[in-house]
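Have a look at the structure below, then the notes.
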Amino acid sequence: MAEIIQEEKGKGGKKKAKKHPPHIDMTPMVDLMCLLITFFMLTTAFAKAKVMEIVLPEKIENQQEQNSPTVAKSRNVNIILGPDNRLFWYPGAVEPSDYNNNVFPPLVELDYSATGVRQLLLDKNKTLARKIAEFQDKILKGELVLSQDSIAGSIRKLKSDDDTGPFVQIKAYKEATYGNFVDILDEMNICGIGRYMFVDIAWYEEKMVELATGKTTLASTK
Amino acid sequence: MPKIKLPTKSPRVDMTPMVDTFAVILTFLMLTATMRQTEPANVATPFSISEKPTPDFNNMTFLIAPDGKVFLNMDNGPDTLYKFRRKILEEMGKRYSIEFTERELREFEKYPSSMGIPILKMKEFLAGKNMKERDPFQIGIPTDSTDNQLAMWILCARQVNPAINASIKGDSETPFPAVKKVLDNLQDKKINRFMLVTSLEATKINLEEIQQ
């Protein structure tokens, strides 16, 4: 590639075959290429950003048509994203009319670690989590051979057929951050929660958060 | 004993193979390179375990900065012939009765990064020659209810490209109400499926942890 054989032409019989063909000095070329490679390596975005899909419940415009689904209260888990990366939850549902003077049941504090919210969700979601784990185990061991798409489909089917797992409602207090939101949704995926949704926070839940974080000492202020 | 003659060699190293390899690497990098775009706001996306890659086209990305500013980026469609961006801007121009020239439309079509410019300043922005001249206009798309240009952008984008998906790219520290505002706007336009842009988390969950 880089050798150019020079042939001496003409001039009678004075032909002299060269023993060493002259080399082209390639150092500048190599230098330049090094530079370009470094530049491209640094500017190329190799790792593409990943996305997490989420479907939010449709907004109901006609309030009359709204009939809330009946869910056993015992299956209800309310997770509230609080300020300063704090996380709270309470089970069941709160009917504000049941509590006088706005004294609501206290919230239980959690955290985003593996021993916090993940532990709680896995405890609540034992049956489904085991089913999914067994299914993935089978795939890993090669007992079931499925395409990537049908694996995802089967897991989705397992989730939608499940009727023992919790019904998680995620609510964000106004001081929560976007990172908290992604973290909790990620936690749902990790724990294989079949039914979760993101809903607006209710006024009494805001009160409960404020009480738990010590923003208002008395809940009786209307 | 015969005399051993060492051949006189030039001390030069043959660099041909090295150049060859370099050329190959360089060609590969040049062909695969998707330039890292400079975004108008610095955003550190949160982590998740999701492994789905971002789609290459039919996608509009809402960049939400930690201070609540919203920027929007769209793609030109699966083929350069679609020229979605220019059509979206034309549509926007119609709604706000602004006539964009051919040069401005082309400029908008080529612009590689997110932008958050009030539509009335768009002409000035596109007239800017470089980043330095353009940056002062990047103040975020107005989202307040009196002048909701974000909703208009969504509407136009959907009109031009009905298959467009919405993805949201926020900083971990972005206050949630700012995100909620964008989500509300999208839901008003009947988009209920979103993609949240995240980085892949390095931690792996082991099976035992799930099984217990």
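Order of the sequence lines fixes the chain letters, A, B, ..., with proteins taken first and strands second; residue numbering starts at 1 for each chain.
Here the closest heavy-atom approach between residue A:A176 and residue B:P177 is recorded as O-CD, 4.2 Å. The nearest pair of heavy atoms linking A:D186 to B:F47 is OD2-O, 4.0 Å. Nearest heavy-atom pair, A:G179 versus B:P46, reported as atom, atom and distance to 0.1 Å: CA-CB, 4.2 Å.
Looking at A:N125, there are no atoms closer than 4.5 Å to chain B (heavy atoms on both sides), in backbone or side chain. Using a 4.5 Å cut-off between heavy atoms, A:L185 touches chain B through its side chain atoms alone.
For the set B:V197, B:L196, B:I168, the count of heavy-atom pairs under 4.5 angstrom toward chain A peaks at B:L196. Note on B:R193, B:M18, B:E173: by heavy-atom pairs under 4.5 Å with chain A, the leading option is B:R193. Chain A forms the most heavy-atom pairs under 4.5 Å with one residue out of B:S167, B:P55, B:P66, B:P53, and that residue is B:P53. With respect to chain A, the highest number of heavy-atom pairs below 4.5 Å among B:D171, B:T45, B:N165, B:I191 belongs to B:D171.
Looking at B:I64 and A:Y178, their side chains never come closer than 4.5 Å, going by heavy atoms from C-beta outward. Counting only heavy atoms from C-beta outward, the side chains of A:E53 and B:M195 approach each other to under 4.5 Å. At least one side-chain heavy atom of B:F22 sits under 4.5 Å from a side-chain heavy atom of A:I37.
Formation of a donor-acceptor pair under 3.5 Å by the A:T177 side chain with backbone atoms of B:P175 is not found in this model.
Atom CG of A:D31 is surrounded by more than 12 heavy atoms from other residues, nucleotides or ligands within 6.0 Å. B:K189 NZ: more than 12 foreign heavy atoms inside a 6.0 Å radius.
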Donor-acceptor contacts, no H, no angles, side chain residues 188-197 of chain A, under 3.5 Å, sequence neighbours left out:
residue: A:R195; atom: NH2; partner: A:S160; partner atom: O; Å: 2.7
residue: A:R195; atom: NH2; partner: A:D162; partner atom: O; Å: 3.1

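The distance from the CG atom of A:D183 to the OG atom of B:S172 is 7.5 Å, given to the nearest 0.5 Å. Note: A:K50 NZ to B:I49 CD1 = 13.0 Å, rounded to the nearest 0.5 Å.
Annotation: B:F176 is in aromatic contact with A:F198 [ring centroid separation under 6.0 Å].
The interface of residues 178-187 of chain B with chain A, defined by heavy-atom distances below 4.5 Å, comprises B:V179, B:K180, B:L183, B:D184, B:Q187.
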